[in-house]
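Below: one structure, written as structure tokens.
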Amino acid sequence: MSSKLIRGTFILTLGTILSKVLGLLYVIPFYAIIGGKEQAALYQFGYVPYTIFISIATAGVPLAVSKYISKYNALEEYAVGRRLFRSGMVVMLATGIFSFLAMYVLSPWFAELVLRGADSEHSFTVEDVTLVMRAVSFALIIIPIMSLIRGFFQGHQSMGPSAVSTVVEQIARIAFLLAGAYVVLYVLKGSVVTAISVATFAAFIGGIASLIILLWYWQKRKRGLNELLEFDKGTIEVSISDMYKEIIVYALPFVLVGIANPLFQFIDQITFNRAMAEAGKSAEALGSLGILNFTTHKLVIIPVSLATAFALTLVPLVTESYVKGDRQIMFRQLNQTFQVLLFITMPAAIGLALLAEPMYTAFYGYDEYGAQVLRTYAPVSILFALYAVTAAILQGINEQRYTILSLLTGLLVKLSLNIPLIKAFGTEGAVYATALGYTVSIMINFFVIKRFAYYPFKLVVRRSLLIIIFNVLMAVPVFFAYKGLLYLLSPETRMQSVLLIIVCAGIGGIVYAYLGLKSGLADRLFGDRLGKIKQKLRI
């Protein structure tokens, strides 16, 4: 397998996981500061539309630009990518300002939409939700430019700037979010709506910090990037209009992939209150929506970090292999990607499901219903990861149109089933609808990869079965260890929950690592470097 894929994936994975871990850990103090599930739902009311707008504003820039630049760099036409970068800065600034104005103006309409059907005694007002949405909309001004610079570096297969800027962005955002919310509520004695508005405005502060880091990297590497222009062949002349036509073709599917998860969440926001009201549960709707779209989602999304990093790294490399017509290298890259993805994501998802009760308590305090939803939701993270990677592969093999088809079909399944399943199963019904929607999208993506890339799935299927067996063998001792420890420790207290997690996760990790090393599967996935570890452990 290409060392660039391993190295690039490792760097982006590290940066993405650090960012996601920070994004998970901050919810512990933030949840305590704002005071509960309904306040968390208000926070998500602002963030879900923002995520949709930011994906549209950036137009899939990091992946689309990285693919475009990688393609022409492979042809030694370095000047084409540089022209795109220069003109793209202007376009992204204009796009960001337009998106900011659109979200700012449309916030009252979105607020009315998400509050429809909510219990008036327990919900926030349209004005409250509007204020939160408008506070986060300012980040739209800065994020598109930042995304363009990240895409430029990724197109040159330089993943460090993206990884570092992502972590810095998260640190700056979280610091401002926690400090701002605390000062408003406990120093200034302000309202929770104002505190949450300040918290969502933190996205703008994080964007500024990230942009500063990226500009520093640009100055540091400018000389080396300019030296590439000396080797430019100059045989291909691409006009600005043709350049953006190609970028739009690349970008539109990336936009849809980027907003896939927020769109699924947005469907929950506009249907959940009504479905719960029809089921006679309107009083608990807002708190349950907070559990679904904030507390449990924050935990479930962590195993998807690897998939996100693979998607960012995979596209330019698969594009390069595809453009050069080297299918064998491309097949090896895809084999490695699918196997590593499942090898890491599956045990994380299963472990999260088995330890749902202490995990939820450790982060948010004891909530039996929250743990129940988390247990149901955890395995869906495998589908999130598979969708991200399969959609990225479709970009790499120039079959973007089917990405649109697969996502729209999955969203249609979600929209059709969400209300009846919520009425039948409560909050977990929304999880079932999400799982079915993602499954349909993934199956379409698999079919397209098989049909147009002629990719043989036999090896991945065999290895997947082996990985499933290993996970079953891991889950059994973890399950019994957890049940046994319940006689000594309680998942209703935070410290004892942490002990339960450490012990049970440790047992699962040891068993799974032993199986992977003993079978040789880990060696085939991660290389011969594990040989030294096996010798020391005498495996």
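To the nearest 0.5 angstrom, L334 atom CG is 8.5 Å from I397 atom CD1. For the atom pair CD1 (I393) and CD1 (I449), the distance works out to 4.0 Å, reported to the nearest 0.5 Å. Distance CD1/I267 to OG1/T434: 8.0 Å, rounded to 0.5 Å. From L411, atom CG reaches atom OG of S441 across 6.5 Å, with rounding to the nearest 0.5 Å. Separating the CD1 atom in I54 from the CD1 atom in I52 is a distance of 12.0 Å, to the nearest 0.5 Å. Here the CZ atom belonging to F363 is positioned 11.5 Å from the NZ atom belonging to K298, to the nearest 0.5 angstrom.
Using bins of under 30°, 30° to 60° and over 60° for the plane-to-plane angle, the ring pair F343/Y512 lands in the tilted bin. Note: F338 and F457 have tilted aromatic rings, judged against thresholds of 30 and 60 degrees for the angle between ring planes. The aromatic rings of F153 and Y217 sit perpendicular to each other, their planes meeting at more than 60°, with 30° as the lower class boundary.
For the residue pair H297 and F384, the shortest heavy atom distance occurs at CE1-CE1, 4.4 Å. The two residues P49 and M133 come nearest to each other via the heavy atoms CG-CE, 3.8 Å. Residues N445 and S406 come closest through the heavy atom pair OD1-OG, 2.9 Å. Contact detail for I145 and M92: the closest heavy-atom pair is N-CB, 4.0 Å. The two residues P456 and N335 make their nearest non-hydrogen contact at O-OD1, 4.4 Å. Considering every non-hydrogen atom in both T130 and A111, the closest pair reads OG1-CB, 3.5 Å.
Considering only heavy atoms from C-beta on, E399 stays 4.5 Å or farther from L405 through its side chain. For the pair P108 and R134, the minimum side-chain heavy-atom distance is below 4.5 Å. Between R150 and P161 there is no side-chain heavy-atom pair separated by less than 4.5 Å. The closest side-chain heavy-atom distance from V132 to V136 is not below 4.5 Å. Two residues are said to be in side-chain contact when any heavy atoms from C-beta on lie closer than 4.5 Å; Q339 and L459 meet this criterion. Within the 4.5 Å cutoff, the side chain of L374 has heavy atoms near those of the V300 side chain. Counting only heavy atoms from C-beta outward, the side chains of L342 and R463 never approach each other to under 4.5 Å. Within the 4.5 Å cutoff, no side-chain heavy atoms of F201 are placed close to those of L177.
Within a 6.0 Å radius of CZ in F98, other residues, nucleotides and ligands contribute 12 heavy atoms or fewer. Applying the 6.0 Å contact sphere to OH of Y182 captures no more than 12 heavy atoms from other residues, nucleotides or ligands.
Screening L113, V193, I196, L42 for a side chain to side chain contact (heavy atoms under 4.5 Å, CB included) involving V129 leaves a single residue, L42. The only option from I208, L214, I213 that meets the side chain to side chain contact (heavy atoms under 4.5 Å, CB included) definition with S210 turns out to be L214.
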Checklist entry - Stepwise, does the side-chain contact (heavy atoms from CB on, under 4.5 Å) test hold for L407 with T403? => result CA-CA 6 Å; L407 176 59; T403 309; 5.7 Å; no

Next on the checklist: Assess the residue pair F85 and I149 against the criterion (side-chain contact (heavy atoms from CB on, under 4.5 Å)); give the C-alpha distance rounded to whole Å, side-chain angles, the decisive distance to 0.1 Å, and a yes or no.
Outcome noted: CA-CA 8 Å; F85 180 70; I149 301 174; 4.1 Å; yes

Item to check | Steps toward ring pair (Phe, Tyr, Trp, His ring centres under 6.0 Å) verdict (Y438, F264) | outcome: CA-CA 9 Å; Y438 267 95; F264 274 82; 4.5 Å; yes

Item to check | Residues R451, V448; criterion side-chain contact (heavy atoms from CB on, under 4.5 Å); working and verdict | outcome: CA-CA 5 Å; R451 172 69 177 79; V448 175; 5.6 Å; no

Item to check | Verdict with reasoning, F30 to Y43, per ring pair (Phe, Tyr, Trp, His ring centres under 6.0 Å) | outcome: CA-CA 11 Å; F30 181 62; Y43 180 80; 5.0 Å; yes

Next on the checklist: side-chain contact (heavy atoms from CB on, under 4.5 Å), that's the test. Do V431 and V380 meet it? Break it down for me.
Outcome noted: CA-CA 8 Å; V431 176; V380 182; 3.9 Å; yes

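Of the possible polar contacts, one joining the Q269 side chain to the Q44 backbone as a donor-acceptor pair under 3.5 Å is found. Side chain of T390 to main chain of Y387: a donor-acceptor pair is present (N/O by atom type, distance under 3.5 Å, no hydrogens or angles). Distance alone, capped at 3.5 Å, is enough to place a donor-acceptor pair between the K414 side chain and the A430 backbone. The closest donor-acceptor contact from the side chain of N293 to the backbone of L289 lies at 3.5 Å or more, if one exists at all. Of the possible polar contacts, none joining the T200 side chain to the A135 backbone as a donor-acceptor pair under 3.5 Å is found.
You'll find the ring centres of F138 and Y50 outside the 6.0 Å limit. Outside the 6.0 Å centre-distance limit, the rings of F53 and F100 are not counted as a close aromatic pair. Ring pair Y402/F452: centre-to-centre distance below 6.0 Å.
Y26 carries R173 over the face of its six-membered ring, with the cationic atom under 6.0 Å from the centre and within 45° of the normal.
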